[in-house]
Trainee: 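My questions will all concern the structure given below.
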Amino acid sequence: MKAIRGTRDILPDEVGYWQWVEATAREILAAAAYREIRTPIFEATELFERGIGEATDVVGKEMYTFVDRGDRSITLRPEGTAGAARSYIEKKLFAEGGVQRLWYVGPMFRYERPQQGRQRQFHQIGLELFGSDDPRADVETVAVATDILQALGLKNLTLLLNSVGEKDDRARYRQALVEYLTPYKEELDADSQDRLDRNPLRILDSKDEATKKIVADAPSILDFLGDNAKRHFDRVQMLLSELEISYQLDSRLVRGLDYYTHTAFEIQSADLGAQATVCGGGRYDGLVEELGGKPTPAVGWAIGLERLIILLQQLGERSAIVPDFYVVSRGEAAESQATVLAQKLRRSGFKVELDLSGSAFSKQFKRGDRSGAKACLVLGDAEAEAKTVQLKWLQTGEQKTLTQSELLSAEGELKVALNQ
RNA sequence: GCGGGCGUAGCCAAGUGGUUAAGGCAGUGGAUUGUGGUUCCACCAUUCGCCGGUUCAAUUCCGGUCGUCCGCCCCA
């Protein structure tokens, strides 16, 4: 049996990275008053069709959709925003006050060709801020994202920023873009020709050289922003500068999901190959209404955890959990006493690994050394007889005998010694 | 979904149309019946992702399939 294509096990050697990322994010999110929300992993298919947009690739060809035994069309969530918005509307979270700050973490599912940094089951941590159309909200979410990435020690990241304007701005721009591109239709790559009517904005970030050349002189969305959108975007940029968050304007940055308006941003890494985007997000003022709620402005983003962890592994950052004590014992009475001693020490807050092999002391010490433990606790026949234990510090080789009860009551001293 | 590379032990990795498939790391046992990080010895793939074909003979050649990686697409 094998894990199915596009899924993988996160093994104990790697899981420390995940815990570290989640703990760091949790702390920073809490500091900015975001509260966790846990929504179902599957939802009605219609939620994503309406929320994300039927014309998008995510909905059109990447969803895990099935009919359940009650004849309902169900889809494994391909992203987190639609579910959060659904919950916000259904559970009337707007009733709790003007602004709702939410975050989530968990698996998402998209049927794509797997590559490094792109699985079919992948994980995102994301944030949504409902109920404010203030540019300060946009900036706050970006700042939280950059703080998380920075706290993890990531370097070489670029924040790309754009505005896709309000709905009308986007419609006018779309028309102008199609008008500009249509005469060149034959020179565009096949994918882009296809997108010309379906989703022309996506042509802007084509990787095809010929297309890139044509697109270079295309009109810029920024010239099509209405007064409102322009004012909003200017304020976002000003506040980012005041926060000393550097960014790069990229008028070709478009988001793939239909719900985005105004600010769009991505944080990219140069160290990820084709899957460069670690964090993507923006404002989506139309989504809540689209899903049947009252018109509600909102901003949010999601971080791809697999990609983030690839970067952390490249940095060699590690946070392995290593025992304080490795317990070496031999002989029936000693083994029993060692078991009890180990458990009592754990209850006092020490990390204790018990050697279960029963093999020669030299072997047990060797394993103790490899475990990375600070000290070994040694019990043999003599110690069992006298109810004592040998405490051996592995770095210095210093060793002393004390009674088992002395060891247990020396908690404070031991903790000090372990921290040196 | 499209194009391409790769698939030998837990990990890294050499190799060949023909009796026993190098080596290193890790692991296990021993030298050392009670003291580690060094050293030495032994053991550790009847099998080369899987299925089929060619052949007297295939891990090696061919086809398919599965997986993975790179690019496209898409996206976090």
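Chain letters run A, B, ... following the sequence lines, proteins first, then strands; residues in each count from 1. If you're wondering where the values come from, they're calculated on a predicted model, not measured in any experiment.
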Trainee: Just checking A:Asp381: base, sugar-phosphate only, or nothing, at a heavy-atom cut-off of under 4.0 Å?
Mentor: base
Trainee: At 4.0 Å (heavy atoms only), tell me whether A:Glu79 reaches a base, stays on the sugar-phosphate, or touches nothing.
Mentor: nothing
Trainee: Using the P atoms only, state how far B:U19 lies from B:G64, rounded to an integer number of Å.
Mentor: 29 Å
Trainee: Rounding to an integer number of angstrom, what distance separates B:C43 and B:A22 when you compare their P atoms?
Mentor: 12 Å
Trainee: Can you see if the side chain of A:Lys207 gets near the phosphate of B:G71 - specifically, an N or O under 4.0 Å from OP1 or OP2?
Mentor: no
Trainee: With P as the reference atom in both, quote the distance from B:A9 to B:G53 in angstrom, rounded to an integer.
Mentor: 25 Å
Trainee: For A:Phe365 and B:U35, say yes or no: do the ring centres fall under 5.5 Å of each other while the ring planes differ by less than 30°?
Mentor: yes
Trainee: With C1' as the reference atom in both, quote the distance from B:U60 to B:C69 in angstrom, rounded to an integer.
Mentor: 23 Å
Trainee: Does anything in residues 135-145 of chain A reach RNA chain B, meaning a heavy atom under 4.0 Å, and if so which residues?
Mentor: none
Trainee: Indicate, with a heavy-atom threshold strictly under 4.0 Å, whether A:Ala382 touches base, sugar-phosphate, or nothing.
Mentor: base
Trainee: Which protein N or O atoms sit under 3.5 Å from an N or O of nucleotides 67-69 of chain B?
Mentor:
unit_1	atom_1	unit_2	atom_2	d
B:U68	OP2	A:Arg5	NH1	3.0

Trainee: Give one of base, sugar-phosphate or nothing for A:Gly273, where a contact means two heavy atoms less than 4.0 Å apart.
Mentor: sugar-phosphate
Trainee: Is any side-chain N or O of A:Arg110 closer than 4.0 Å to OP1 or OP2 of B:C75?
Mentor: no
Trainee: Within the 4.0 Å heavy-atom criterion, would you say A:Arg118 contacts the bases, only the backbone, or no part of the nucleic acid?
Mentor: base
Trainee: Could you write out RNA chain B as a dot-bracket string, with dots for unpaired bases, | for bases paired across to another strand, and Watson-Crick or G-U pairs counted at under 3.5 Å?
Mentor: (((((((..(((.....[....))).(((((.......))))).....(((((..]....))))))))))))....
Trainee: Using a 4.0 Å heavy-atom cut-off across all strands, classify A:Arg330 as base, sugar-phosphate, or nothing.
Mentor: sugar-phosphate
Trainee: Can you measure A:Leu394 atom CG to B:U38 atom P for me and round it to whole angstrom units?
Mentor: 13 Å
Trainee: Measuring from the side chain of A:Glu112 (C-beta onward, heavy atoms only), which nucleotide among B:A76, B:C72, B:G34 has the closest atom?
Mentor: B:A76
Trainee: Within the structure shown, what part of the strands sits under 4.0 Å from A:Glu383 by heavy-atom distance: base, sugar-phosphate, or nothing?
Mentor: base
Trainee: So A:Arg120 and A:Tyr111, do their side chains get closer than 4.5 Å, heavy atoms only?
Mentor: yes
Trainee: For B:A26 and B:C41, measure between their P atoms and round to the nearest Å.
Mentor: 15 Å
Trainee: Using the P atom as the point on both nucleotides, what is the distance between B:U65 and B:A13, in whole Å?
Mentor: 27 Å
Trainee: Categorize A:Gly280 for me: base, sugar-phosphate, or nothing, with a 4.0 angstrom heavy-atom threshold over every strand shown.
Mentor: sugar-phosphate
Trainee: Work out how far the P atom of B:A42 is from that of B:C25, and round it to whole angstrom.
Mentor: 14 Å
Trainee: With rounding to the closest Å, how many angstrom separate the C1' atoms on B:C56 and B:G24?
Mentor: 38 Å
